[in-house]
There are 2 protein chains.
Amino acid sequence: MDKKITINDIAAKAGVSKTTISRYLNDKFDNMSKTTKVRIEQTIAELDYRPNRQAQALKARNSFLIGVSVADISNMYTSRLLKGIGDYFQNTHYQVLIMDADDNVDRELSNLEKMMTEQVDGIILQPLVHQPDHYQFLIDQKTPVVQVDRYTEPFTWPAVVSDNFQKSVDLAKILKAKQYDTIIVLANRITGVSSRMNRYNGLKAGLTGSQITVHLIEIDDFNWQSQLKKTIVSYNRTAIFALNGQVLWSAVRFLKTHQLRIPEDIGLIGYDDDQFADMISPAITSISQNPQEIGRTAAEKLNMIMTEHALLPKNIRIPSTLQLRDSL
Amino acid sequence: MDKKITINDIAAKAGVSKTTISRYLNDKFDNMSKTTKVRIEQTIAELDYRPNRQAQALKARNSFLIGVSVADISNMYTSRLLKGIGDYFQNTHYQVLIMDADDNVDRELSNLEKMMTEQVDGIILQPLVHQPDHYQFLIDQKTPVVQVDRYTEPFTWPAVVSDNFQKSVDLAKILKAKQYDTIIVLANRITGVSSRMNRYNGLKAGLTGSQITVHLIEIDDFNWQSQLKKTIVSYNRTAIFALNGQVLWSAVRFLKTHQLRIPEDIGLIGYDDDQFADMISPAITSISQNPQEIGRTAAEKLNMIMTEHALLPKNIRIPSTLQLRDSL
DNA sequence: TTGAAAGCGCTAACAC
DNA sequence: GTGTTAGCGCTTTCAA
């Protein structure tokens with residue numbers, strides 16, 4: 001690698017002091033002669049000089065780095081979330097440092113530690129843990145944080161989330177109208193994940209007063225398949241509510257394996273993955289979130305906190321939409 | 001935000017010079033008294049001090065930052081690629097700066113410029129453009145680069161890719177055995193994208209000597225649907241070869257809309273998205289890549305170049321697998 | 001076993 | 001209109 005060109009090289013070559021170069025770099029042309037400006041411009045172009053961001057950051061005492069901690073980078077929800085975040089920061093002077101917790105609490109913590117040593121100016125966090133004191137060091141450092149998809153409780157940082165509870169209440173109405181007697185909620189471990197809890201609790205809330213029973217089955221349990229089978233055979237009209245895209249596809253695969261017909265033998269409704277949900281027969285009724293908008297909004301809010309010390313509401317809810325198709 | 005704790009604060013509180021603190025931070029305990037070490041340890045814990053990476057980077061003259069430029073962050077291939085890259089660098093002292101070109105050449109260039117000002121130590125690039133001189137400034141700066149998924153030509157940087165050409169040759173054999181008379185290759189614009197070119201050319205190469213004709217239809221063309229329809233009706237036994245996951249699903253949707261049965265009316269084979277490919281009826285035969293391994297390997301190779309100035313082969317091919325299902 | 005001092009690339013207060 | 005100088009937080013040489 002060549003020796004890097006620095007501000008001193010430019011100053012020497014252009015025959016001015018580095019202060020003047022710095023002024024040029026920061027658009028302070030008020031008191032700069034046309035000739036100087038042009039000469040600096042040429043020199044920079046000639047030497048293909050780029051100011052060193054580390055040095056600028058050191059001086060400015062902030063890094064212009066944003067940390068983004070996601071639960072698992074390898075699913076569609078996350079991809080679209082990151083698209084939204086990236087689109088927003090694209091037009092700012094912030095760079096985005098994305099870290100994947102891989103659904104591992106220790107790794108998440110280690111990632112957040114790394115972000116702190118990188119001096120990130122703010123963090124967008126999809127928390128793995130529900131208790132905010134787990135993130136005590138972030139609180140202590142007073143780092144600006146915006147949560148996405150889920151939140152910790154009691155309130156610590158604002159969160160941009162889907163309208164999970166309300167949409168499940170809406171869903172409950174439909175389920176009642178369709179005369180189901182049992183709903184099986186199929187999910188990853190829901191304890192401590194606010195989005196999943198809200199979907200589950202919303203459904204139960206919407207169902208109160210009806211005769212419909214709700215069973216929760218977590219696919220992290222080794223015997224979820226036998227649990228599921230047992231529950232299905234015990235009731236007449238059953239529907240499965242799959243709390244996210246990956247679980248939805250596990251459910252579809254399960255029903256296919258056991259040759260259960262949708263919706264004749266069993267109803268099915270899922271979250272996410274709507275681009276595939278209408279691809280199979282029958283098309284799956286699903287609740288479609290807007291992760292890109294969640295990401296964009298979270299980025300915008302974080303920027304507001306960082307630049308204007310804005311005070312935000314606890315929750316900002318981005319609407320999702322219930323896509324009625326043929327599986328209920 | 002509180003005043004940040006610096007090495008000086010620790011030095012003052014621990015009653016030693018910052019040199020000693022620096023030694024502690026860099027594990028240089030050879031000549032350090034036990035007492036000093038313990039006192040420093042306590043002071044750091046007490047003040048919750050974290051060394052400033054910008055300052056370290058400035059001094060060390062490298063940033064320990066890796067730039068990753070992806071064509072489009074919002075698809076499964078990319079997610080899994082990033083998972084692999086992240087997993088590798090997780091255990092190093094490098095951080096990963098991911099930037100999304102959003103399939104936009106200008107934005108890609110702007111992203112790469114930003115990476116350079118961030119002083120990244122190396123770049124993993126999924127190039128949008130085939131001509132290396134488009135990336136001339138990276139060449140001039142002698143930045144270590146490893147390409148993924150695609151490559152520029154003539155040779156400039158090593159690339160970690162799927163065995164695209166060979167797998168298409170294999171596919172051609174199957175297509176011949178199944179007595180198709182026409183293959184429609186459905187793709188995004190293939191010019192300048194080496195992976196797509198290799199899939200297309202591999203198919204043609206494998207088909208030479210047979211009577212089978214090959215049609216290329218690019219779904220970026222506004223009238224691709226009518227082109228596709230026209231081509232299908234002109235032949236007897238036609239199969240569609242969809243060159244990536246997104247195109248595959250466009251094809252499935254098209255066939256569904258036009259009520260064409262797979263494989264009776266038309267054969268179908270696709271790339272990627274194998275987790276959904278066996279979900280629909282009939283299950284779709286597809287070529288399944290290993291993007292996570294591509295990412296991991298690229299990261300590893302880049303690290304080798306950066307640390308040992310390793311010389312790498314032009315191409316490192318990660319095997320993909322042909323998943324025979326029911327759509328041919 | 002430890003410290004003083006210089007310097008990484010940049011910015012900004014102050015001077016002229 | 002431009003330059004001198006100090007300093008951001010850290011590492012490292014040289015000296016003690």
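None of the values given here were measured: they were computed from a predicted structure.
If you measure from atom CZ of R50(B) to atom P of dC10(D), you get 12 Å, rounded to the nearest angstrom. I40(A) places its CD1 atom 13 Å from the P atom of dC10(C), with the value rounded to the nearest Å. As rounded to whole Å, 12 Å separates atom C1' of dG1(D) from atom CZ of R39(A). Protein atom CD of Q54(A) is 14 Å distant from nucleotide atom P of dT11(D), rounded to whole Å. As a whole-Å value, the separation of L58(A) CG from dA6(D) P is 18 Å. Atom CZ of R61(A) and atom C1' of dC10(C) are 14 Å apart (whole Å). If you measure from atom NZ of K59(A) to atom P of dA6(D), you get 12 Å, rounded to the nearest angstrom. Residue N52(A) contributes atom CG, which lies 18 Å from atom P of dC8(D) at whole-angstrom precision.
Within 3.5 Å, no donor on the side chain of K4(B) pairs with an acceptor on the base of dG9(D), nor the reverse.
For dT11(C), the OP1/OP2 oxygens have a side-chain nitrogen or oxygen of Q56(A) closer than 4.0 Å.
Comparing the local axis fitted to the first five base pairs of the helix from dT1(C)-dA16(D) to dC16(C)-dG1(D) with the one fitted to its last five gives a bend of 40°, rounded to 10°.
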Handout entry: R296(A) vs E300(A), salt bridge (Lys or Arg N to Asp or Glu O under 4.0 Å): CA-CA, chis, key distance, verdict
Key = CA-CA 6 Å; R296(A) 207 203 55 74; E300(A) 182 185 74; 3.4 Å; yes
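With respect to the salt-bridge test (charged N to carboxylate O, under 4.0 angstrom), the residues K28(B) and D30(B) do not qualify.
From I21(B), atom CD1 reaches atom OG1 of T6(B) across 10.0 Å, with rounding to the nearest 0.5 Å.
Side chains of Q141(B) and D48(A): a donor-acceptor N/O pair is present below 3.5 angstrom, by distance only. Under 3.5 Å, the side chains of E118(A) and S63(A) contain no donor-acceptor pair of N or O atoms.
Other residues, nucleotides and ligands contribute more than 12 heavy atoms inside 6.0 Å of the CZ atom of R107(B). No more than 12 heavy atoms of other residues, nucleotides or ligands sit less than 6.0 Å from atom CZ of R317(A).
Only T6(A), I7(A), K18(A), T19(A), listed by number, bring a heavy atom of residues 6-20 of chain A to less than 4.0 angstrom from any atom of DNA chain C. Contacts of residues 23-37 of chain A with DNA chain D (heavy atom under 4.0 Å): R23(A), N31(A), M32(A), S33(A), T36(A).
Between F64(A) and Y94(A), the two ring planes are tilted [angle within 30° to 60°].
Heavy atoms only, all atoms of each residue included: L47(A) and I5(A) are closest at O-CG1, 3.7 Å.
Side chain of R80(A) to backbone of Q292(A): no donor-acceptor contact under 3.5 angstrom is found. Here the side chain of K83(B) pairs no donor or acceptor atom with the backbone of G295(B) at under 3.5 angstrom.
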